[in-house]
Amino acid sequence: MLEKIYCKNNDEYKIYNKGILFNNGLALNETSSFIFLACDSKNTILDIAKKLTVEYNVSLEEAQLDVIQCVEELTENELVIKMM
C-alpha cells in the first residue's frame with residue numbers, strides 16, 4: 001500500500017499515558033495512538049507497519065493488518081484521510 005495517510009482531525013486531543021482522548025469522547029488505545037500519531041502525510045501503511053514491528057516486536061504481516069484495520073476505523077471517524 002503506497003498511499004500516504006495524514007491526520008485530518010482539527011479537534012483537540014489529549015495524550016494520557018500512552019493513549020489519546022479526543023474532545024468528542026473518542027479514545028484510542030496505545031497501539032491506535034501510535035498509528036494515529038504516525039499519520040503525518042509522510043508515512044504509508046507499510047512505513048507505519050514497519051515502525052510497529054520495531055516498537056511492539058510483532059511480525060510485519062500482523063503489523064500491516066493492524067495498521068490497515070486501524071486506519072480504516074480512523075478514516076470512518078474522520079480522524080485521518082488516505083491520500084494517493
Side-chain angles (χ1 to χ4, degrees):
M1 301 233 163
L2 298 177
E3 57 197 2
K4 305 220 180 212
I5 316 291
Y6 77 94
C7 174
K8 160 188 169 173
N9 188 291
N10 293 326
D11 294 335
E12 290 184 22
Y13 60 86
K14 293 185 170 101
I15 297 175
Y16 290 99
N17 199 5
K18 293 187 178 183
I20 293 177
L21 178 64
F22 291 91
N23 283 348
N24 66 4
L26 183 66
L28 302 179
N29 66 17
E30 180 179 343
T31 308
S32 296
S33 296
F34 182 91
I35 294 167
F36 173 77
L37 294 172
C39 295
D40 62 359
S41 78
K42 298 174 186 162
N43 291 310
T44 64
I45 287 176
L46 182 58
D47 295 334
I48 298 169
K50 286 178 181 178
K51 291 176 187 211
L52 271 181
T53 64
V54 173
E55 186 72 20
Y56 295 100
N57 195 27
V58 296
S59 71
L60 183 57
E61 181 179 290
E62 182 180 354
Q64 283 181 293
L65 292 174
D66 288 347
V67 172
I68 290 168
Q69 180 182 8
C70 183
V71 167
E72 290 302 321
E73 290 177 22
L74 292 170
T75 303
E76 288 173 15
N77 284 290
E78 299 182 349
L79 298 174
V80 300
I81 294 176
K82 294 187 276 186
M83 304 167 26
M84 293 300 207

J.: Closest approach of A63 and A49, non-hydrogen atoms and distance?
T.: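 Closest heavy-atom pair between A63 and A49: CB-O, 3.4 Å.
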J.: Taking atom CZ of F34 and atom CG of L52, what is their separation to the nearest 0.5 Å?
T.: 5.5 Å
J.: Could you walk me through whether L28 and Y13 satisfy the side chain to side chain contact (heavy atoms under 4.5 Å, CB included) test, starting with their C-alpha distance in whole Å, then the side-chain angles of each, then the deciding distance to 0.1 Å, before giving a yes or no?
T.: CA-CA 10 Å; L28 302 179; Y13 60 86; over 6 Å; no
J.: Give a yes or no on whether the backbone of C39 and the side-chain of N43 come within a donor-acceptor separation of less than 3.5 Å.
T.: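 A pair under 3.5 Å: no.
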J.: Would you check if the side chain of D66 reaches a backbone N or O of Q69 as a donor-acceptor pair within less than 3.5 Å?
T.: no
J.: Find out whether L46 and V67 are in side-chain contact, i.e. whether some heavy atom of one side chain is under 4.5 Å from a heavy atom of the other.
T.: no
J.: Please report the interatomic distance CG(N29) to CD1(I35), rounded to the nearest 0.5 Å.
T.: 8.5 Å
J.: If you link I, L, V, M, F, W and Y whenever their side-chain heavy atoms are under 4.5 Å apart, who else ends up in the same group as V54?
T.: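 Noted: V54 shares its cluster with no other residue.
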J.: Report the distance from atom CG of N57 to atom CD of E62, rounding to the nearest 0.5 Å.
T.: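 So the CG of N57 and the CD of E62 are separated by 10.0 Å.
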J.: Establish whether L65 and L60 are linked, either directly or via other cluster members, by ILVMFWY side-chain heavy-atom contacts under 4.5 Å.
T.: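 No: no chain of side-chain contacts under 4.5 Å links L65 to L60.
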J.: Can you tell me how far CD1 of I81 sits from CG of L74, rounded to the nearest 0.5 angstrom?
T.: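 The CD1 atom of I81 is 12.0 Å from CG of L74, to the nearest 0.5 Å.
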J.: What distance do T53 atom OG1 and Q64 atom CD have between them, rounded to the nearest 0.5 Å?
T.: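 These two atoms lie 9.5 Å from each other.
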J.: So, do I20 and F36 sit near enough that their side-chain heavy atoms are less than 4.5 Å apart?
T.: yes
J.: For Y16, which fellow cluster members are found when Ile, Leu, Val, Met, Phe, Trp and Tyr are connected by side-chain heavy-atom distances below 4.5 angstrom, either directly or through intermediates?
T.: L21
J.: Any chance you could measure L79, atom CG, to N24, atom CG, to the nearest 0.5 Å?
T.: 7.0 Å
J.: Looking at residues at least two apart in the chain, or sitting in another chain, which of them share a salt bridge (charged side-chain N to carboxylate O under 4.0 Å, His left out) with K18?
T.: E30
